[in-house]
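Just the heavy atoms: all of them, side chains too, but no hydrogens, waters or symmetry mates, feed the values below. Everything numeric here is computed off the predicted structure, so don't read it as measured data. Labels below follow one simple rule: chain letters A, B, ... track the order of the sequence lines, proteins then strands, and each chain is numbered from 1.
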Amino acid sequence: MSVERTPRPAQTELDDADRRIVNRLQAGLPLVASPYAAVADELALSEGELLYRLERLLEAGVLSRFGPMYHAERLGGGLTLAALAVPEADFERVSVLVNAFPEVAHNYRREHRLNMWFVLATETPERIAEVIGEIETVTGLAVFNMPKQEEFHVRLHLPV
Amino acid sequence: MTQPTSTTMIPRDEAAPWRLRALLERGLPLTERPWLALAEACGMSEGEVLAWVERWRREGLIKRMGLVVRHHALGIRANAMVVWDLPDEHVSEVGRQLAAEPAVTLCYRRRRRLPEWPYNLFCMIHGTRRERVLAALDEIAGRHGLQETPHRVLFCRKAYKQRGGRYTREERI
């Protein structure tokens with residue numbers, strides 16, 4: 001599996017139709033044979049235009065993903081948030097080591113002594129502890145594992 | 001996005017739902033009949049694919065079919081993880097209150113890591129600029145009486161990696 005680097009595209013301007021598409025689809029896609037036609041209809045667009053715009057938004061990096069949002073634990077997988085306190089001079093080197101793990105889904109640099117924050121998504125819950133052990137071995141740093149204990153449901157999306 | 005390569009129907013087999021799940025993790029094809037494209041790629045009928053996805057949704061494996069917006073590309077560049085140290089007996093109630101705030105996009109109770117990390121409630125606030133995020137946070141803290149609650153704001157300086165979770169091994173495809 002390749003390591004996906006996050007590009008930093010220039011700010012993309014959305015027009016009114018793009019905004020309507022993004023806001024509508026953050027709420028979900030209907031489970032029907034022709035879902036794009038159904039959504040296009042709601043938005044008063046043609047199906048071809050909706051598909052064209054979605055492709056363009058994905059290419060521009062405005063949308064990182066289009067598909068199912070999984071509930072990792074119910075899939076039998078593991079999911080956690082973890083952090084490292086990385087010495088400033090080592091930050092780039094350690095980020096390459098951590099991102100090389102396919103189980104690392106997100107990795108953000110944040111302003112704190114714990115400055116590297118990443119999400120681990122694994123096929124089994126047991127694999128979380130193994131990956132943490134492997135990350136500690138390759139980086140020589142202690143991983144602070146902060147698994148979720150309770151989720152509070154938020155409004156589905158951020159309007160754009 | 002991966003396009004299906006096979007157009008021949010393969011006899012039904014037990015691994016087909018696994019293949020479907022793995023293909024779905026890569027995203028839904030952008031074609032007029034996306035479920036049919038997936039069906040052809042994993043050896044099911046379109047109806048079977050829809051039935052599996054409906055079942056996974058009912059069972060809660062799939063929370064929803066939708067999209068992930070990369071806020072940064074839209075100029076929503078300030079992304080703050082706000083963490084709070086709340087008494088265990090209050091954390092759930094405050095979590096529910098914060099989750100109901102429109103500015104809060106994620107809200108979780110997480111395990112403390114004492115002594116280094118005393119915080120047990122995590123929420124995300126996004127905005128175009130830091131000042132806006134901090135102003136929103138001030139209002140939220142005021143509304144819920146959290147001004148004196150120990151908290152920290154960890155702004156994001158850079159996203160190094162961002163993708164959906166992969167829960168199915170590639171070799172199962």
Side-chain angles (χ1 to χ4, degrees), chain A residues 1 4-6 9 11-12 14 22 25-29 31 33-37 47 51 54-55 60-72 74-75 77 79 81 95 99 102 104-112 114 121 123 144 146-155 158 160, chain B residues 24-28 30 32-36 46 50 53-54 57 59-75 81 92 95-96 98-99 102 104-111 113 116-117 126 152 154-170:
Chain A
M1 190 180 303
E4 292 167 40
R5 295 197 168 277
T6 301
Q11 184 172 335
T12 309
L14 302 190
V22 171
L25 289 181
Q26 285 189 89
L29 193 71
L31 259 185
S34 301
Y36 301 112
E47 183 180 25
L51 287 168
L54 276 173
E55 210 159 90
V62 171
L63 307 180
S64 64
R65 216 167 147 265
F66 187 75
M69 307 296 132
Y70 283 109
H71 194 300
R74 285 191 205 158
L75 271 180
L79 188 69
L81 176 70
S95 74
N99 290 348
V104 172
H106 303 262
N107 188 357
Y108 293 100
R109 177 169 184 155
R110 295 195 178 276
E111 296 170 347
H112 188 267
L114 291 176
E123 196 185 5
F144 290 76
M146 297 177 223
K148 174 174 85 179
Q149 294 179 310
E150 190 175 355
E151 178 170 355
F152 305 102
H153 292 280
V154 299
R155 291 192 350 170
L158 188 63
V160 299
Chain B
L24 264 176
E25 284 178 23
R26 299 175 179 182
L28 193 67
L30 287 176
E32 292 173 11
R33 299 283 289 273
W35 305 108
L36 181 62
E46 187 183 35
L50 279 162
V53 173
E54 176 54 40
R57 196 158 71 166
E59 291 173 351
L61 268 58
I62 291 178
K63 291 195 241 188
R64 66 190 161 96
M65 294 295 307
L67 45 76
V68 176
V69 179
R70 214 177 250 149
H71 297 112
H72 201 90
L74 291 176
M81 182 171 79
S92 294
R96 282 190 292 274
L98 295 188
V104 171
T105 52
L106 286 172
C107 190
Y108 294 105
R109 177 184 186 181
R110 294 187 178 279
R111 194 168 79 195
R113 291 299 305 262
E116 298 90 344
W117 187 261
H126 289 87
R152 293 286 305 257
L154 279 71
F155 277 105
C156 176
R157 284 183 45 190
K158 187 173 174 185
Y160 280 79
K161 192 173 181 182
Q162 208 178 19
R163 65 156 174 82
R166 301 261 165 85
Y167 307 104
T168 312
R169 282 196 210 282
E170 298 279 311

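- In terms of heavy atoms, A:P35 sits closest to B:W35 at CG-NE1, 3.8 Å.
- B:R110 approaches A:K148 most closely through the heavy-atom pair NH1-N, 3.4 Å.
- Looking at B:L36, neither its backbone nor its side chain comes within 4.5 Å of chain A, counting heavy atoms on both sides.
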Item to check | Check against side chain to side chain contact (heavy atoms under 4.5 Å, CB included), B:W117 and A:H112 | outcome: CA-CA 11 Å; B:W117 187 261; A:H112 188 267; 3.5 Å; yes
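- When atom types are taken as modelled, the side chain of B:R113 and the backbone of A:F144 share no donor-acceptor pair closer than 3.5 angstrom.
- Across all non-hydrogen atoms, the minimal contact from A:P68 to B:L24 is CD-O, 3.2 Å.
- The structure places CZ of B:R109 at 15.0 Å from CE of A:M146, a figure rounded to the nearest 0.5 Å.
- Contact of B:E46 with chain A is made through the side chain alone, with heavy-atom distances under 4.5 Å.
- For chain B, the nearby parts of A:E111 are the backbone and the side chain; heavy atoms of each come within less than 4.5 Å.
- Neither the backbone nor the side chain of B:L98 comes within contact range of chain A, judged by heavy atoms closer than 4.5 Å.
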Checklist entry - Does the pair B:S92 and A:E150 meet the rule for a side chain to side chain donor-acceptor pair (under 3.5 Å), with working shown? => result CA-CA 8 Å; B:S92 294; A:E150 190 175 355; 2.6 Å; yes
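- Between A:Y36 and B:P34, the closest heavy-atom pair is CE1-CG, 3.6 Å.
- Taking CZ of B:R33 as the reference point, atom OG of A:S34 lies at 5.0 Å (rounded to 0.5 Å).
- For the set A:L54, A:L31, A:L63, the count of heavy-atom pairs under 4.5 angstrom toward chain B peaks at A:L31.
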